[in-house]
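Here the structure comes first, spelled out in structure tokens, and everything after it is commentary.
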Amino acid sequence: MKFHRIYALSLRHIYLIKSSLPRILDLIYWPTIQIILWGFISMFFSLHSDYYNHTAGVILSAAILYDFLFRSSISFNMLFLEEIWSRNFTNLFVAPLKISEIITALTLTALLRTLIGVIPAILFASPFFGVSIFNLGPSLVLLFLSLYLFGITLGLLVTSGLLRYGPAFENIAWSSLFFLAPLGCIYYPLSILPDWLQIIAKILPLVYIFEEVRSILLNNIVNYANIITALKLNLIYFTSAVFIFYLAFYGARKKGTLINVGE
Amino acid sequence: MNEKIIQVKNLSKQFGNTLAVKCISFNINKSNIIGLLGPNGCGKSTTIGMMLGLIKPSSGTVLVNGLNIENNRTSLLEKMNFISPYIELPKKLTVEENLEVYGRLYGVKNLKDKVSDLMEKLNLNDFKSRKTGELSSGQKNRVSLAKALVNDPEILLLDEPTASLDPDVGDYVRSFIENYASIKGATILLASHNMNEVERLCHQVLMMKNGKIIDKGKSNDLINKHGRKNLEEVFLKIVRE
């Protein structure tokens, strides 16, 4: 892998972001709206429910973390879709870029895009709703890492589809996380799900991440077993997604779709 | 000079039940400009795609500088470049930003000087800070040409480089390519529907039809062989046979 090529591909997207104020505002807008919405819902429950009286911060923290996951995944997809929409796809693939460099550049730039959106939302939550994500303590770093890995994994799977099947796969890019959200137990404990769905949910790292968030915020207990399980699952899924991306590239070369994606 | 820069050997590509390219073979010598002619859908773009490593051949090989493109894609692409009217540069980036990004992708040394030099030679300075999507098709074409030359490629694959350009800009681009080839000694494959362009620029012409190379030779030799007045008539005769 060559740094100059990874930097060049990232630079292409950094130029795109910094050239457009509406684009930057769009990145910030949705996470902030999400936090405001969940902030008021949390306040309502705080005032009207004994149970949630102690857990107002849980919903808002979960909303911030879920948004971080959502932005990571969507950012990765968006970077790839930008190349298709601008019909620049073939130019990139006739450049001496390795697949590993493409994945690295998109992963790093997706993080930048995600942070532009989520940092203002995190800062916003504290003065307005008295909720700080930093209450999760040092484990927050591992939780963010886990969420980011899962977001990028989904991004890789969706872009594999785009690579292999072309822009027709675009709708999947937008809906991928909505399919998984109910099973991820983001706003409610795993025990809420029917038994048979719990079995499926347990193969998702999200369950362990958000169970852990609730454990820390409600009981002040850090259970590293959950964090490690989430990271292990993420590494398995991420490695598989990278492998699938390589397969998709191979399939696209065989099918000839690299030369006319976007048409 | 007879050094074979590109060797295409028994190259075929099948998409489903369609055999798009049927066992073609040809060589391109160093510093030669070769024209690839044929009607739409005859397999030109597929052939170029395989030469760039974008499409995996069903059988056969493409050797560039003696190395198989399938196994040495990244290192060989550093010395190659491609232009086509069917692909574009990012529209929201300025001309200068696009050239910088592609210069970095190709690892160009002294990039600022290189970009300035290309913008000067291709008359891009007046709109270097404008977004590429806002330019006219002639201006965009010159920016794409600058991108294709940013790494000083030894091998250029040009797919209809003057399609949809007015005669003045078309002539400008042709002269630029001609000049670049003679100064740098670049090897060029030119796919075009413009027969005058091919007659003017190419040392040799490959005629494709239905995925096969059905004739090849120097323009004049083909004109004489087929008893026609110019290459366009030869093209029409071959296509309609």
Side-chain angles (χ1 to χ4, degrees), chain A residues 1-24 78-102 105 109 163 246-263, chain B residues 13-16 18 20-21 45-46 48-58 70 72-94 96-98 100-109 111 129 131-133 144 147-148 150-151 153 157 159:
Chain A
M1 284 207 283
K2 290 276 169 65
F3 173 75
H4 68 83
R5 294 199 285 249
I6 294 167
Y7 176 62
L9 194 52
S10 302
L11 189 66
R12 174 252 187 279
H13 293 287
I14 291 168
Y15 277 145
L16 189 65
I17 294 167
K18 79 168 194 181
S19 70
S20 167
L21 184 62
R23 202 177 282 267
I24 296 171
M78 280 295 293
L79 297 172
F80 206 76
L81 281 166
E82 290 276 7
E83 307 300 1
I84 294 176
W85 292 333
S86 64
R87 292 159 54 108
N88 181 44
F89 202 78
T90 308
N91 272 327
L92 286 180
F93 283 102
V94 297
L97 263 173
K98 291 179 181 168
I99 296 299
S100 55
E101 291 164 347
I102 294 174
T109 321
L163 199 54
Y246 272 89
L247 280 182
F249 177 72
Y250 178 81
R253 285 191 63 230
K254 208 171 166 189
K255 209 177 161 196
T257 49
L258 290 179
I259 208 158
N260 57 6
V261 171
E263 284 178 27
Chain B
K13 181 64 193 177
Q14 185 155 3
F15 295 114
T18 310
V21 174
S45 295
T46 304
I48 290 176
M50 288 190 280
M51 291 170 76
L52 286 163
L54 284 174
I55 298 175
K56 187 174 173 55
S58 301
E70 284 295 302
N72 303 275
R73 198 173 161 270
T74 311
S75 60
L76 291 175
L77 285 176
E78 284 177 0
K79 299 166 193 162
M80 298 167 77
N81 218 315
F82 174 60
I83 183 173
S84 163
Y86 307 110
I87 57 174
E88 293 179 17
L89 291 166
K91 298 173 185 66
K92 302 276 169 60
L93 267 60
T94 67
E96 206 170 16
E97 286 170 348
N98 263 319
E100 186 195 343
V101 166
Y102 275 93
R104 288 186 189 280
L105 276 179
Y106 283 91
V108 174
K109 304 267 189 316
L111 182 58
S129 301
K131 290 188 175 164
T132 309
S144 293
K147 171 255 151 188
V150 76
N151 60 328
L157 302 181
D159 190 7

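The chains referred to below are lettered A, B, ... by the order of the sequence lines, with proteins before strands, and numbering in each begins at 1.
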Query - Any residue meeting ring pair (Phe, Tyr, Trp, His ring centres under 6.0 Å) with A:Phe93, in chain and number order, not counting sequence neighbours - result: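 Once residues adjacent in sequence are excluded, the partners of A:Phe93 under the ring pair (Phe, Tyr, Trp, His ring centres under 6.0 Å) criterion are A:Phe89, A:Phe249.
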Once rounded to the nearest 0.5 Å, what's the spacing between atom [atom1] of [X] and atom [atom2] of [Y]?
X: B:Lys56; Y: A:Leu258; atom1: NZ; atom2: CG; result: 12.5 Å
X: A:Glu82; Y: B:Lys91; atom1: CD; atom2: NZ; result: 10.5 Å
X: B:Glu88; Y: A:Trp85; atom1: CD; atom2: CH2; result: 15.5 Å
X: B:Tyr86; Y: A:Arg87; atom1: OH; atom2: CZ; result: 9.5 Å
X: A:Leu16; Y: B:Glu97; atom1: CG; atom2: CD; result: 9.0 Å
X: B:Arg73; Y: A:Ile99; atom1: CZ; atom2: CD1; result: 7.0 Å

Query raised in the report: Among B:Ile55, B:Ile48, B:Asn151, B:Thr46, which has the most heavy-atom pairs under 4.5 Å with chain A?
Result: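 The answer is B:Ile55.
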Report task. Against chain A, label B:Leu89 side chain, backbone, both or neither, depending on which of its atoms sit under 4.5 Å from a heavy atom there. Result -> both
Query raised in the report: Given that the side chain runs from C-beta out, which part of B:Phe15 has a heavy atom under 4.5 Å from chain A: side chain, backbone, both or neither?
Result: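 It is the side chain, since no backbone atom gets that close.
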Between [X] and [Y], what is the shortest heavy-atom contact and its length?
X: B:Arg104; Y: A:Ala8; result: CB-CB, 3.4 Å
X: B:Lys147; Y: A:Asn91; result: NZ-OD1, 3.0 Å
X: B:Leu105; Y: A:Pro96; result: O-CG, 3.9 Å

**Report entry** Heavy-atom check, side chain of A:His4 versus side chain of B:Leu111, under 4.5 Å
**Finding:**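 They are not in side-chain contact.
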Query - A:Arg253 vs B:Glu70 side-chain heavy atoms within contact, under 4.5 Å - result: yes
Query - Partners passing side chain to side chain donor-acceptor pair (under 3.5 Å) against A:Tyr15 (at least two apart in sequence or in another chain) - result: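 For A:Tyr15 the side chain to side chain donor-acceptor pair (under 3.5 Å) partners, ignoring immediate neighbours, are B:Glu100.
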Query raised in the report: Any donor-acceptor pair under 3.5 Å linking the side chain of B:Lys13 with the backbone of A:Lys254?
Result: yes
**Report entry** Engaged part of A:Ile6 at the chain B interface, taking heavy atoms whose separation is under 4.5 Å
**Finding:**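 The answer is neither part of A:Ile6.
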